[in-house]
Number of protein chains: 4
Amino acid sequence: MSTGSAPHHRLSDKVPRTERGRRTLRKLLDAAAIEFGERGFHEASITGITRRAGTALGSFYTYFHSKDEIFRALVSDLSGKVREAAKSALAEDHAALETERMALEAFLHFAREHKEIYRIIDEAEFVDPTSFRAHYETTASRIHARLLAGAEKGELREGLDEAHAWAIMGMNVFLGLRYAVWSEDTAPERVAELANEILRHGIAREG
Amino acid sequence: MSTGSAPHHRLSDKVPRTERGRRTLRKLLDAAAIEFGERGFHEASITGITRRAGTALGSFYTYFHSKDEIFRALVSDLSGKVREAAKSALAEDHAALETERMALEAFLHFAREHKEIYRIIDEAEFVDPTSFRAHYETTASRIHARLLAGAEKGELREGLDEAHAWAIMGMNVFLGLRYAVWSEDTAPERVAELANEILRHGIAREG
Amino acid sequence: MSTGSAPHHRLSDKVPRTERGRRTLRKLLDAAAIEFGERGFHEASITGITRRAGTALGSFYTYFHSKDEIFRALVSDLSGKVREAAKSALAEDHAALETERMALEAFLHFAREHKEIYRIIDEAEFVDPTSFRAHYETTASRIHARLLAGAEKGELREGLDEAHAWAIMGMNVFLGLRYAVWSEDTAPERVAELANEILRHGIAREG
Amino acid sequence: MSTGSAPHHRLSDKVPRTERGRRTLRKLLDAAAIEFGERGFHEASITGITRRAGTALGSFYTYFHSKDEIFRALVSDLSGKVREAAKSALAEDHAALETERMALEAFLHFAREHKEIYRIIDEAEFVDPTSFRAHYETTASRIHARLLAGAEKGELREGLDEAHAWAIMGMNVFLGLRYAVWSEDTAPERVAELANEILRHGIAREG
DNA sequence: GATGAATGAGGATTCATTCAT
DNA sequence: TATGAATGAATCCTCATTCAT
């Protein structure tokens, strides 16, 4: 999981025609987010989802073809939400490093509120590698683009590579795991500031 | 997964009394590493493991009580191997930043050779959260200790926090995922150098 | 197994909502009575039950959580049937000793018709001790109550103890085992008469 | 289980030649009595027996061909012990009814001391019906013979049938279950006396 | 005789998916 | 659309028995 922007749709292939159908679909997706988040993909069951959604087992298959499909739909849905969350931070025009700081901070806040999302996207690595890779590659590209833009503006150094973007994304993801999902013992602001420090001037003693 | 040091033993609860038993146990662990690495914990089957090991199904249960147990034994075993790999890099007394560079480089080489290990340890997050957390917390502590030692020596700045260690670990893990497991399109030396650059002076344009 | 009265319900936890479901549940219980009766609890298999019932293996688990559960449901069901069988004998108001004779006779007839029930309830001693004890304790109480009522009416002697009830129940059960389940070489009427003789005036030479 | 007399041997087919072998065989039988008594035939395991006996798994098969065989050997062994226990009571020449009282009393004492034996013999009904039937048929014959002898002596009434013997045996077994195995809340002397009362003059109010 | 590793048939249970109403 | 019963492939695990040392 990590930081990014730009929406994403197509929750499911079958779009409900009636209002009632739309409600059922939403109930199923919400229930699935909870079920998958609490039990993980393999432990989760369709029965568990429909029980939480308050629908009959059979109704599930009116909206999704399989367990995999709803999982994918969910990852896609949540992946969008994560980007959405970072959006605000990126909307305004800030200095390059400030943008990164804000993005991480927004991400940490979001992760605190949606711990289950974190788990679901992470588990996609094993359940649906394609969308997992897509999620991170998209995110890395987005970060890389920002770095290049920052260099363009003269705020960041030249020669920033895709690897730099991956390094930043890795930092963000692990800080989210440690300081948002596992424990909230440190304020997002402080964590984001410490990470930003690294980006500003590394960790070497300043000469 | 990531960088660290210090051994670790106790592969399984039942220690074989005979040489033949010892061989069988080793065959099972090796087979399990492949099976879990290729298919993931849930898709993997005991049958698959014993088939690869060339033993009877029942023999599995002579050495392990359950699928979970062998998985845990494996994580513990591999977790040790990862640290072992980084060890050489840390043995000699290098400058602090140089040490980090070498550790990452060793780690990337190791991950290329043992892609399945990467996957197994990552999946532990869902199968055996306890050892997963333990693995990363131990690793982060080890990194943090190195940072403090570096500051002590006057090579790194003061006030380096546990969060800095997590940030570095995250960088390393994601770079391993991208440049060792997913693709080998960039040399470990170069990736390690790019990451080290960040630690040396951040990504801001030097003023 | 033995003699008693009073109904009993709740065959299974999952009550079918449809008629079809009700039919399947009944087929499973009937098949289980045969399977357990013929092969005993441990030799019996769920597959054997569903094969006899003509349903798919999985359907079993729509109605029962486990092999134990259906066994318990069955014991409870059959336990009720045994009492039901004795009921007719006890309905009318007969002399105390005559009541005991009729109860035993009815029980012997019933046991001849339902030999498998005999075996199932007996095996409950090992499979489900709780319901086994409950069955016999209930039965003994019922007998004891009849003895006290008989004494009250002046037909039976004073001071009849719970132990007397257990003695009578033991007689009945073993006579059922020998003359209903193992062999039908003697008419229930005659067996009941011989046993009743003991209750009437013991086995000592009258003098 | 119940009351009787006359020895019985042949514990196992393979008679050990050495002293060491004899000890191992005895250890296995004792361990089996505990294992079967505590866990029942099906739950009991050969491993459990050898663990308790302190021998290697393989050693079991030096003395017994199968789990069934040791169970049968045990039932036979214990069946003999039960008769042995009643023997003392029957040795001296008492009045017929007094003999029955003493036999039951001895049996109750024995059952209190050897609850596990009770369970093992009972379970034989399902595991080894042949020896189970043999045990009870032998016991019933023995009782019947005593009844006929008592009639011969003029102490018991004429026409005492095999069914009377079964009734008495049933009484004894159930009183043993209730007042020796399940609870010891009533003294064996009293229980035996109450049962004997029935044999002396039934339960009807004396005219 | 003793030891303990190896074997594999057997069975309970789960649950995604299909289908009849 | 909604419902819930029916289906059966898939898999873990047990343990009596055999075998090599």
Side-chain angles (χ1 to χ4, degrees), chain A residues 14 16-18 20-21 23-25 42-50 54-70, chain B residues 14 16-25 42-50 54-68, chain C residues 14 16-25 42-50 54-68, chain D residues 14 16-18 20-21 23-25 42-50 54-70:
Chain A
K14 184 151 188 182
R17 304 251 166 255
T18 70
R20 185 192 184 190
R23 270 206 313 278
T24 305
L25 173 58
H42 288 95
E43 298 300 312
S45 70
I46 307 296
T47 304
I49 294 173
T50 54
T55 73
L57 171 56
S59 300
F60 177 88
Y61 290 90
T62 303
Y63 298 97
F64 301 96
H65 295 316
S66 69
K67 186 179 177 183
D68 273 80
E69 188 184 294
I70 196 177
Chain B
K14 180 151 190 183
R17 267 97 177 77
T18 70
E19 178 51 30
R20 188 187 183 195
R22 246 168 330 258
R23 271 204 312 278
T24 304
L25 174 56
H42 288 96
E43 298 301 314
S45 71
I46 308 295
T47 305
I49 294 174
T50 54
T55 72
L57 170 59
S59 298
F60 176 88
Y61 291 93
T62 303
Y63 299 98
F64 301 97
H65 294 315
S66 66
K67 189 178 173 180
D68 270 81
Chain C
K14 179 149 190 185
R17 268 97 176 76
T18 70
E19 179 51 29
R20 189 186 181 194
R22 251 174 320 264
R23 271 202 313 278
T24 303
L25 174 55
H42 288 95
E43 298 301 313
S45 71
I46 307 295
T47 305
I49 293 173
T50 53
T55 72
L57 171 57
S59 297
F60 176 89
Y61 291 92
T62 303
Y63 298 98
F64 301 96
H65 295 314
S66 67
K67 190 178 172 181
D68 270 81
Chain D
K14 182 152 191 182
R17 303 252 166 254
T18 71
R20 185 190 184 192
R23 270 205 313 280
T24 305
L25 174 57
H42 287 96
E43 298 301 312
S45 69
I46 306 294
T47 303
I49 294 174
T50 55
T55 73
L57 172 57
S59 301
F60 177 89
Y61 289 90
T62 304
Y63 298 98
F64 300 96
H65 295 316
S66 68
K67 187 180 178 182
D68 272 82
E69 188 185 293
I70 196 177

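Sequence lines set the chain letters: A, B, ... in the order given, protein chains first and strands last, and positions in each chain run from 1.
Atom CD1 of D:I46 and atom C1' of F:dT17 are 9 Å apart (whole Å). Look at CD1 on A:I49: it is 11 Å from P on E:dT17, rounded to the nearest Å. Protein atom CG of C:L25 is 14 Å distant from nucleotide atom C1' of F:dA6, rounded to whole Å. One atom, CD of B:E43, and another, C1' of F:dA9, lie 14 Å apart when rounded to the nearest Å. In this entry the distance linking NZ of C:K67 with C1' of E:dG10 reads 11 Å, nearest Å. Straight-line distance from the CZ atom of A:F60 to the P atom of E:dT18: 11 Å, rounded to whole Å. In this structure, C:R17 atom CZ and F:dA2 atom P are separated by 19 Å, rounded to whole Å. Remark: P of E:dA5 and CZ of B:R23 are 13 Å apart, rounded to the nearest angstrom.
Comparing C:D68 and A:T47, the nucleotide of DNA chain E nearest to each residue sits closer to the 5' end for C:D68. Checking B:A44 against C:T24, the closest nucleotide of DNA chain F that is more toward the 5' end is the one next to C:T24.
Taking every side-chain heavy atom of C:Y63 into account, F:dA6 is the closest of F:dA6, E:dA5, F:dG4. Distance from the side chain of B:L57 is smallest for E:dG10 among the nucleotides F:dT17, E:dG10, E:dA12.
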field: Steps toward side chain to side chain contact (heavy atoms under 4.5 Å, CB included) verdict (C:F64, C:L25)
entry: CA-CA 9 Å; C:F64 301 96; C:L25 174 55; 3.5 Å; yes
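Looking at D:Y63 and D:I70, their side chains never come closer than 4.5 Å, going by heavy atoms from C-beta outward.
Atom-to-atom distance recorded for B:E19:CD and B:R22:CZ is 5.0 Å, nearest 0.5 angstrom. To the nearest 0.5 Å, atoms CZ (B:F60) and CD1 (B:I49) are separated by 5.0 Å. Atoms CD1 and OG, from D:I46 and D:S66 in turn, are 8.0 Å apart once rounded to the nearest 0.5 Å. Between D:H42 atom NE2 and C:E43 atom CD the span is 4.5 Å, to the nearest 0.5 Å.
Taking 4.0 angstrom as the limit, B:T18 places none of its side-chain polar atoms (N or O) nearer than this to OP1 or OP2 of F:dT21. Regarding contacts with the backbone of E:dA12, every side-chain N or O of C:S66 stays at 4.0 angstrom or more from both OP1 and OP2. Residue D:Y61 places none of its side-chain N or O atoms closer than 4.0 Å to OP1 or OP2 of E:dA2. In terms of phosphate contacts, C:T62 brings no side-chain nitrogen or oxygen within less than 4.0 Å of OP1 or OP2 of F:dG4. Considering only side-chain N and O atoms, A:S59 lies under 4.0 angstrom from the phosphate OP1 or OP2 of F:dT3. Applying the 4.0 Å criterion to OP1 and OP2 of E:dT3, one finds that D:T55 has every side-chain N and O outside that range. Regarding contacts with the backbone of F:dC15, every side-chain N or O of D:S45 stays at 4.0 angstrom or more from both OP1 and OP2.
Under a cut-off of 6.0 angstrom, the local environment of CZ in C:R17 is sparse, with at most 12 non-hydrogen atoms contributed by other residues, nucleotides or ligands.
Residue D:G21 is classed as having no contact, given no heavy-atom separation below 4.0 Å to the nucleic acid.
Residues A:T24 and A:T55 approach most closely at CG2-CG2, 4.0 Å, considering heavy atoms.
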- line: Read 5' to 3' with Watson-Crick or G-U pairs under 3.5 Å, [ ] for crossing pairs and | for partners on another strand, DNA chain E gives .||||||||||||||||||||
